[in-house]
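Inspection log for the structure reproduced underneath, given as structure tokens.
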Amino acid sequence: MLYAVKMDVNLPVGMDPEEKSDALAREKAYSQEVQRGGEWVRIWRCAGQYSNLSIFDVSGHDRLHEILWNLPLFPYMDIEITPLTAHPSDIALES
Ligand SMILES: O=C(O)CC1=CCC(=O)O1
């Protein structure tokens with residue numbers, strides 16, 4: 001199943017700099033590991049926001065939840081999930 005996921009990151013203003021850089025490094029490593037596995041298809045920065053918009057291709061809700069729950073920055077995120085289905089006007093689906 002395909003999902004569009006928007007993650008808004010809200011790091012605490014007074015976060016310890018070492019804790020912050022450690023969390024960011026772990027976030028990147030974890031994200032890239034899931035990307036290399038093929039389930040995290042793309043990630044974009046939302047221009048002008050500390051947010052990303054990502055596409056996931058996973059087995060279902062439970063697997064998506066597991067991936068997101070394990071993000072090191074999960075405690076600092078607001079997450080909006082949109083399950084995707086085929087659009088009848090998508091020329092990519094023409095045969
Ligand atoms: O958008 C961000 O900076 C948060 C994030 C999610 C995965 C990643 O590598 O960074």
Side-chain angles (χ1 to χ4, degrees):
M1 289 184 68
L2 288 170
Y3 297 88
V5 178
K6 183 162 188 269
M7 303 177 212
D8 299 324
V9 184
N10 308 292
L11 296 178
V13 176
M15 191 174 189
D16 176 68
E18 230 173 85
E19 193 185 327
K20 180 177 172 180
S21 64
D22 177 64
L24 295 180
R26 288 186 294 114
E27 181 82 1
K28 182 173 181 175
Y30 174 72
S31 156
Q32 292 189 334
E33 181 188 324
V34 181
Q35 289 176 58
R36 289 193 185 95
E39 292 180 299
W40 194 328
V41 179
R42 291 294 305 272
I43 179 170
W44 293 269
R45 177 64 75 213
C46 300
Q49 302 169 48
Y50 193 1
S51 305
N52 74 73
L53 184 65
S54 292
I55 299 293
F56 288 84
D57 186 358
V58 293
S59 56
H61 300 353
D62 290 343
R63 178 59 184 146
L64 181 64
H65 178 76
E66 183 178 42
I67 291 169
L68 297 176
W69 183 267
N70 285 305
L71 285 165
L73 295 186
F74 181 83
Y76 309 112
M77 285 177 168
D78 293 318
I79 299 179
E80 184 183 315
I81 297 170
T82 306
L84 301 174
T85 189
H87 192 288
S89 300
D90 187 352
I91 63 168
L93 301 179
E94 288 178 351
S95 50

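Ligands are counted one by one from 1 in listed order, and the atoms in each one are counted from 1 as well. Since we're looking at a predicted model, the values are computed, not measured.
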**Study point:** Distance-only polar pair, side chains of W40 and S31, donor-acceptor under 3.5 Å
**Key:** no
Using atom types as modelled, flag every donor-acceptor pair under 3.5 Å from a side chain in residues 22-29 to any protein atom, sequence neighbours excluded.
| from | atom 1 | to | atom 2 | distance (Å) |
| --- | --- | --- | --- | --- |
| D22 | OD2 | R26 | NE | 3.0 |
| E27 | OE1 | L73 | N | 2.8 |

Review point. What pair of heavy atoms forms the shortest contact from F56 to I67, and how long is it?
Key: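 In terms of heavy atoms, the two residues are closest at CE2-CG2, 3.9 Å.
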Expected rows: ligand 1 N/O, protein N/O, dist below 3.5 Å:
| from | atom 1 | to | atom 2 | distance (Å) |
| --- | --- | --- | --- | --- |
| ligand 1 | 1 (O) | R45 | NH1 | 2.7 |
| ligand 1 | 1 (O) | N52 | ND2 | 2.9 |
| ligand 1 | 3 (O) | R45 | NH1 | 3.4 |
| ligand 1 | 3 (O) | R45 | NH2 | 2.9 |

Review point. Should the ring pair W69 and F74 be called parallel, tilted or perpendicular, given that the plane angle runs from 0 to 90° and is split at 30 and 60?
Key: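 Correct class here is tilted.
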Determine all donor-acceptor pairs shorter than 3.5 Å in which one atom belongs to a side chain in residues 78-95; sequence neighbours excluded.
| from | atom 1 | to | atom 2 | distance (Å) |
| --- | --- | --- | --- | --- |
| D78 | OD2 | N10 | ND2 | 3.1 |
| H87 | ND1 | S89 | N | 2.9 |
| D90 | OD1 | A92 | N | 2.9 |

**Study point:** Pairs involving residues 36-53, ordered by first then second residue, that meet salt bridge (charged side-chain N to carboxylate O under 4.0 Å, His left out) (sequence neighbours left out)
**Key:** E39-R63
